[in-house]
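These notes are about the structure you will find just below.
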Amino acid sequence: MKMLVFGSVNIDHTYQLHHLVRAGETQPSEAYARNEGGKGFNQAIALLKAGQKVHFAGAVGEDGLFLQKRLEEMGADTAHLAVLPVPTGHALIQVDAQGQNAIILFGGANREITKEMIDRVLEDFEAGDFVLLQNEISHVDHIIRRAGEKGMQVVLNPSPISPELQHFPYQHASWLLLNEVEGEDLTGETEPDKMLSSLIGKYPDMRIVLTLGHKGAVYAHGSERISQAAFPVRAVDTTAAGDTFTGYFLGAMLEGMDVQLALKRAALAASIAVSRPGAALSVPFRDEVDGLI
Ligand code: RIB
């Protein structure tokens with residue numbers, strides 16, 4: 001059983017600010033860092049740090065070869081990471097004194113992935129293999145449909161929200177890992193219970209994890225609900241907290257861990273990530289999470 005992460009790779013330009021910049025305002029930053037990021041990259045790193053084997057598919061430009069190298073150093077198979085003659089995707093990230101962020105994305109190579117490239121990647125995977133997807137590359141709907149038709153286990157993190165999300169073929173997704181903002185966007189509901197009921201009503205076999213920020217997370221499958229509180233920490237930078245949760249939760253599921261423990265590990269890993277600056281850099285290693293458990 002293989003684990004494929006088909007997702008974005010970004011160069012994150014992170015600016016530490018007193019507060020998030022307002023319209024018309026110019027504000028000097030207190031610190032700047034160039035970080036490794038992208039939701040696909042971060043989630044792959046979280047899976048790798050959690051001890052999983054990962055195949056990574058996506059696209060970078062020549063300026064993103066250091067990100068490919070990092071994935072390889074961490075043990076990922078990058079045979080399906082294309083190097084294209086365009087700039088690597090990047091993100092401009094503002095982080096305020098409370099650790100909250102605001103992000104501008106430039107898709108770059110992430111948005112140059114074609115349906116033909118996708119079909120070639122999926123030829124190397126088969127029924128029962130997992131594919132983890134986010135919403136930062138082109139033709140995510142095509143990947144969901146093709147992977148689902150092949151009998152792969154599609155795990156979808158519909159982030160960030162975009163109008164296309166309304167038209168994704170969710171019936172092919174076995175797992176949906178989302179936050180409250182994405183839940184409201186998909187269902188029109190504002191209460192977590194109602195979001196889950198609405199999604200389960202439409203996709204009765206789907207397993208869902210709804211993350212609720214400092215209020216923790218809820219797992220839903222059929223009528224089953226399992227809750228997990230968040231671990232309180234002083235937030236330094238919330239970037240990639242959701243990615244850390246996703247990678248750690250999925251890693252635990254792949255190991256056959258029970259859902260309650262998987263949620264606990266994921267919440268703990270995410271709380272550690274929040275207490276540190278950066279995106280992929282802030283994801284803890286397995287030993288650290290196990291030690292705290
Ligand atoms: O989820 C965090 C990520 O979102 C950042 O690393 C940034 O690249 C954006 O994709």
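- Among residue pairs with one or both ends in residues 178-190, those qualifying as salt bridge (Lys or Arg N to Asp or Glu O under 4.0 Å) are E180-K215; sequence neighbours excluded.
- Residue pairs that meet the side-chain hydrogen bond (donor to acceptor under 3.5 Å, both in side chains) test with at least one member in residues 198-208, sequence neighbours left out, are R207-Y219, R207-H221.
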Item to check | side chain to side chain contact (heavy atoms under 4.5 Å, CB included) evaluation trace for L186 with Y170 | outcome: CA-CA 11 Å; L186 287 185; Y170 293 98; 3.2 Å; yes

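- Looking at D63 and P87, their side chains come closer than 4.5 Å, going by heavy atoms from C-beta outward.
- A distance-only check finds no donor-acceptor pair linking the side chain of S275 to the backbone of A235 [under 3.5 Å].
- Evaluation of the side-chain hydrogen bond (donor to acceptor under 3.5 Å, both in side chains) rule for E224 yields no partner, not counting sequence neighbours.
- A donor-acceptor pair under 3.5 Å links the side-chain atoms of D77 to the main chain of A79, judged by distance alone.
- By the criterion of side-chain heavy atoms lying less than 4.5 angstrom apart, applied directly or through intervening Ile, Leu, Val, Met, Phe, Trp or Tyr residues, L84 is not grouped with V60; the two fall into different hydrophobic clusters.
- Of the possible polar contacts, one joining the Q27 side chain to the H19 backbone as a donor-acceptor pair under 3.5 Å is found.
- One finds the CG atom of L20 at 9.5 Å from the CD atom of E25 (value rounded to the nearest 0.5 Å).
- Taking the ring pair (Phe, Tyr, Trp, His ring centres under 6.0 Å) definition, one finds that F66 meets it with nothing, sequence neighbours left out.
- Within the structure, every pair that satisfies the side-chain hydrogen bond (donor to acceptor under 3.5 Å, both in side chains) test and touches residues 277-290, not counting sequence neighbours, is listed here: E255-R286, R265-D290, R276-E288, R286-D290.
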Item to check | T114 and I118: CA distance, side-chain angles, deciding distance, side chain to side chain contact (heavy atoms under 4.5 Å, CB included) verdict | outcome: CA-CA 6 Å; T114 63; I118 291 167; over 6 Å; no

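- Between T211 and N179, the side chains place no donor N or O within less than 3.5 Å of an acceptor N or O (distance only, hydrogens not considered).
- Ion pairing between a basic and an acidic side chain is recognised when a charged N comes within 4.0 Å of a carboxylate O; E73 and K69 show such pairing.
- Looking at T78, its side chain never comes within 3.5 Å of a backbone N or O of E72 through a donor-acceptor pair.
- With sequence neighbours excluded, no residue forms a side-chain hydrogen bond (donor to acceptor under 3.5 Å, both in side chains) with D96.
- With 3.5 Å as the limit, one finds no donor-acceptor pair spanning the side chains of N110 and E136.
- Side-chain contact between P169 and D141 is present, with at least one heavy-atom pair separated by less than 4.5 Å.
- Both L165 and I113 are members of a single hydrophobic cluster when ILVMFWY side chains are connected at heavy-atom separations under 4.5 Å.
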Got a list of side-chain donor-acceptor pairs under 3.5 Å for residues 44-56, not counting sequence neighbours?
{"residue": "K49", "atom": "NZ", "partner": "A280", "partner atom": "O", "Å": "3.4"}
{"residue": "K49", "atom": "NZ", "partner": "V283", "partner atom": "O", "Å": "2.7"}
{"residue": "Q52", "atom": "NE2", "partner": "G251", "partner atom": "O", "Å": "3.3"}

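- Connectivity analysis of hydrophobic side chains (ILVMFWY, heavy atoms under 4.5 Å, direct or indirect) links L105 to I93, V95, I103.
- Proximity of W175 to I208: side-chain heavy atoms (C-beta onward) are nowhere separated by under 4.5 Å.
- The side chain to side chain contact (heavy atoms under 4.5 Å, CB included) test with P158 is passed by exactly one of L133, L176, N135: L176.
- K39 places a side-chain heavy atom less than 4.5 Å from the side chain of S159.
- Between the side chains of N42 and D243, at least one donor N or O sits under 3.5 Å from an acceptor N or O.
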Item to check | Stepwise side chain to side chain donor-acceptor pair (under 3.5 Å) check, H90 with D12 | outcome: CA-CA 6 Å; H90 72 248; D12 286 358; over 6 Å; no

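- Put simply, the side chain of T88 gets close to the backbone of G64: a donor and an acceptor are under 3.5 Å apart.
- Using modelled atom types, one side-chain atom of N157 and one backbone atom of L177 make a donor-acceptor pair closer than 3.5 Å.
- We find the CD-CG distance between E30 and L17 to be 7.0 Å, quoted to the nearest 0.5 Å.
- Under the 4.5 Å side-chain heavy-atom criterion for ILVMFWY residues, a single connected hydrophobic cluster contains both V259 and L132.
- To the nearest 0.5 angstrom, F245 atom CZ is 11.0 Å from L268 atom CG.
- Through direct or relayed side-chain contacts under 4.5 Å between Ile, Leu, Val, Met, Phe, Trp and Tyr, L281 connects to no other residue.
- The local environment of NE2 in H18 is sparse, with at most 12 non-hydrogen atoms from other residues, nucleotides or ligands closer than 6.0 Å.
- Connection of Y15 to F106 is not established within any shared hydrophobic cluster, with ILVMFWY side chains joined at heavy-atom distances below 4.5 Å, either directly or through further cluster members.
- Distance alone, capped at 3.5 Å, is enough to place a donor-acceptor pair between the D129 side chain and the E126 backbone.
- Shown are L67, L65, L71; of these, the side chain to side chain contact (heavy atoms under 4.5 Å, CB included) with L81 is made only by L71.
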Next on the checklist: Let's go through R145 and E149 carefully: what are the C-alpha distance in whole Å and the side-chain angles of both, what is the deciding distance for salt bridge (charged side-chain N to carboxylate O under 4.0 Å, His left out) to 0.1 Å, and is it a yes or a no?
Outcome noted: CA-CA 6 Å; R145 193 171 295 108; E149 284 166 0; 5.2 Å; no

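- Panel note: side chain T244, backbone A270; no donor-acceptor pair is recorded below 3.5 Å.
- With a 4.5 Å cut-off on side-chain heavy atoms, N10 and E36 do not count as touching.
- Every residue was checked against the ring pair (Phe, Tyr, Trp, His ring centres under 6.0 Å) condition with Y248, not counting sequence neighbours, and none meets it.
- Between the side chains of D237 and T239, at least one donor N or O sits under 3.5 Å from an acceptor N or O.
- For the residue pair H13 and Q94, no side-chain donor N or O sits within less than 3.5 Å of a side-chain acceptor on the partner.
- The cluster map of Ile, Leu, Val, Met, Phe, Trp and Tyr, joined by side-chain heavy atoms under 4.5 Å apart, puts V209 and I161 in different clusters.
- Here the CD atom belonging to E116 is positioned 8.0 Å from the NE2 atom belonging to H139, to the nearest 0.5 angstrom.
- One finds the CZ atom of F41 at 12.5 Å from the CD atom of Q134 (value rounded to the nearest 0.5 Å).
- Every residue meeting the side-chain hydrogen bond (donor to acceptor under 3.5 Å, both in side chains) condition with D119, not counting sequence neighbours, appears here in chain and number order: H142, R146.
- Separating the CZ atom in F125 from the CG atom in L4 is a distance of 4.0 Å, to the nearest 0.5 Å.
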Next on the checklist: Is there a side chain to side chain contact (heavy atoms under 4.5 Å, CB included) between I143 and V154? Walk through the geometry before answering.
Outcome noted: CA-CA 9 Å; I143 309 177; V154 177; over 6 Å; no

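- V289 and P284 make their closest contact through CG2-CG, 3.8 Å (heavy atoms, listed as atom of the first residue, atom of the second, distance).
- The side-chain heavy atoms of I11 and N35, taken from C-beta on, include no pair separated by under 4.5 Å.
- Between the side chain of S29 and the main chain of Y32, no donor-acceptor pair closer than 3.5 Å is present.
- With sequence neighbours excluded, no residue forms a salt bridge (Lys or Arg N to Asp or Glu O under 4.0 Å) with E112.
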